[in-house]
Peer 1: 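The following block contains the structure, expressed as structure tokens.
Throughout, protein chains are lettered first and strands after them, A, B, ... in sequence-line order, and every chain is numbered starting at 1.
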2 protein chains.
Amino acid sequence: MTQDEGTQLAELFRLLGEPNRLRLVAACLDGPRSVGDLTEEVGISQSLVSQHLRLLRAGRLLKQTRSGRNVFYDLPDCHVRTMLTNMMDHVLEPEDHSHEE
Amino acid sequence: MTQDEGTQLAELFRLLGEPNRLRLVAACLDGPRSVGDLTEEVGISQSLVSQHLRLLRAGRLLKQTRSGRNVFYDLPDCHVRTMLTNMMDHVLEPEDHSHEE
DNA sequence: TCAACATATGAACACATCCTAATATGTTCA
DNA sequence: TGAACATATTAGGATGTGTTCATATGTTGA
């Protein structure tokens, strides 16, 4: 892992390292969600949702699509979707301690 | 993903979301490293290395083993190792944009 | 065009975080 | 025991981050 790769990778983790932001991303894993839906689902203020969505957009973890009055957020491509899904699965799967030292 | 799982998972990502810490963990993926080795490999002060190692220990991403004057850091079990290795692989693998919208 | 809705932005504050410098703790060997 | 080495801790300052409140922008339908 080069110095630069490390910095980029850390930036990705940093974005996912805030509970509200992680929930926003997780909520989009099953398909596009409007800001209103996300606000309700995550249970924080609309303003705060928007602030976090801006960061996630800037980090290319979510993309924005307007449809009428609503703006929908979704993962930008299948690579990111696969990566995040796998990361979630790995981290959330029940731990097997049988091989611990 | 429950509220609580989200918080725990975010905490893991937060720890990996700092470049120096991420490099410390990455440096341990190939096997135990002494604090001295890590200090040299990551290129930051010994004090700072220790500070970050403490956080990684607290978050159970690394475990500590003393051997004489040296203290070695290593991943605590194969689950964590597998998880981190996969995460690195996924994130660092060259992106395939052919299916982007 | 105007009101109502949906989302985004800007400013400000409290708090967390990273870092450095100095020092403490623990270990080995003479 | 004491000097030298290896690692950990503490305190402090600078900077960053999450949040709220107020307000701006963009969109629809009457």
Peer 1: Nearest to the side chain of B/Asn70, which nucleotide is it out of C/dT7, D/dA6, D/dA8?
Peer 2: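 Closest nucleotide among those given: D/dA6.
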Peer 1: Between B/Val25 and B/Phe72, is there a shared hydrophobic cluster once you connect ILVMFWY residues whose side-chain heavy atoms come closer than 4.5 Å?
Peer 2: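 B/Val25 and B/Phe72: separate clusters.
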Peer 1: Strictly under 4.0 angstrom, non-hydrogen atoms only: write out the protein contact profile of nucleotides 25-30 of chain C, one letter per nucleotide from the 5' end, B, S or -.
Peer 2: --SB--
Peer 1: A/Glu11: which residues meet the side chain to side chain donor-acceptor pair (under 3.5 Å) condition with it, sequence neighbours left out?
Peer 2: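 Counting only residues at least two positions away or on another chain, A/Glu11 forms a side chain to side chain donor-acceptor pair (under 3.5 Å) with A/Arg14.
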Peer 1: Distance alone, cut at 3.5 Å: any donor-acceptor contact between the side chains of B/Arg33 and B/Thr39?
Peer 2: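 No, B/Thr39 and B/Arg33 have no side-chain donor paired with an acceptor closer than 3.5 Å.
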Peer 1: Contact class for B/Phe72 (heavy atom, under 4.0 Å): base, sugar-phosphate, or nothing?
Peer 2: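 No contact.
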Peer 1: Any residue in residues 14-37 of chain A with a heavy atom nearer than 4.0 angstrom to DNA chain D? Just list them by number, or reply none.
Peer 2: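 Going residue by residue through residues 14-37 of chain A, the ones with a heavy atom under 4.0 Å of DNA chain D turn out to be A/Arg14, A/Glu18, A/Asn20, A/Arg21.
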Peer 1: Please report, to 0.1 Å, the donor-acceptor pairs under 3.5 Å made by any side chain of residues 48-61 of chain B, with sequence neighbours excluded.
Peer 2:
unit_1	atom_1	unit_2	atom_2	d
B/Ser50	OG	B/Gln46	NE2	3.4
B/His52	ND1	B/Arg21	NH1	3.3
B/Arg57	NE	B/Tyr73	OH	3.2

Peer 1: Of all the heavy-atom pairs spanning A/Leu38 and A/Ala27, show the shortest one and how long it is.
Peer 2: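 A/Leu38 and A/Ala27 have their closest heavy atoms at CD2-CB, 3.7 Å.
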Peer 1: Ignoring backbone atoms, test whether B/Tyr73 places a side-chain nitrogen or oxygen under 4.0 Å from the OP1 or OP2 oxygen of D/dA6.
Peer 2: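 No.
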Peer 1: A/Thr85 pairs by side-chain contact (heavy atoms from CB on, under 4.5 Å) with which of A/Val80, A/Leu75, A/Leu29?
Peer 2: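 For A/Thr85, the side-chain contact (heavy atoms from CB on, under 4.5 Å) check succeeds only for A/Leu29.
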Peer 1: For A/Ser34, enumerate each residue passing the side chain to side chain donor-acceptor pair (under 3.5 Å) test, keeping only those at least two apart in sequence or located in another chain.
Peer 2: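 For A/Ser34 the side chain to side chain donor-acceptor pair (under 3.5 Å) partners, ignoring immediate neighbours, are A/Asp37.
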Peer 1: Grab the two heavy atoms, one from A/Gly6 and one from B/Leu22, that are nearest each other, plus how far apart they are.
Peer 2: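 Looks like O-CD2, 3.4 Å.
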Peer 1: Considering only heavy atoms, which members of residues 42-58 of chain B lie under 4.0 Å from some atom of DNA chain D?
Peer 2: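 Output list: B/Gln46, B/Ser47, B/Ser50, B/Gln51, B/Arg54, B/Arg57.
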Peer 1: Do B/Ile44 and B/Val35 belong to the same hydrophobic cluster, where Ile, Leu, Val, Met, Phe, Trp and Tyr are linked whenever their side-chain heavy atoms lie under 4.5 Å apart, directly or via other members?
Peer 2: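 Yes; tracing contacts between hydrophobic side chains, which count when under 4.5 Å, links both residues.
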Peer 1: Is B/Thr2 reaching over with its side chain to a backbone N or O of B/Glu5, donor-acceptor style, under 3.5 angstrom?
Peer 2: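 At least one qualifying donor-acceptor pair exists.
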Peer 1: What integer distance in Å separates B/Leu62:CG from D/dT7:P?
Peer 2: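 Those two atoms, CG and P, are 14 Å apart.
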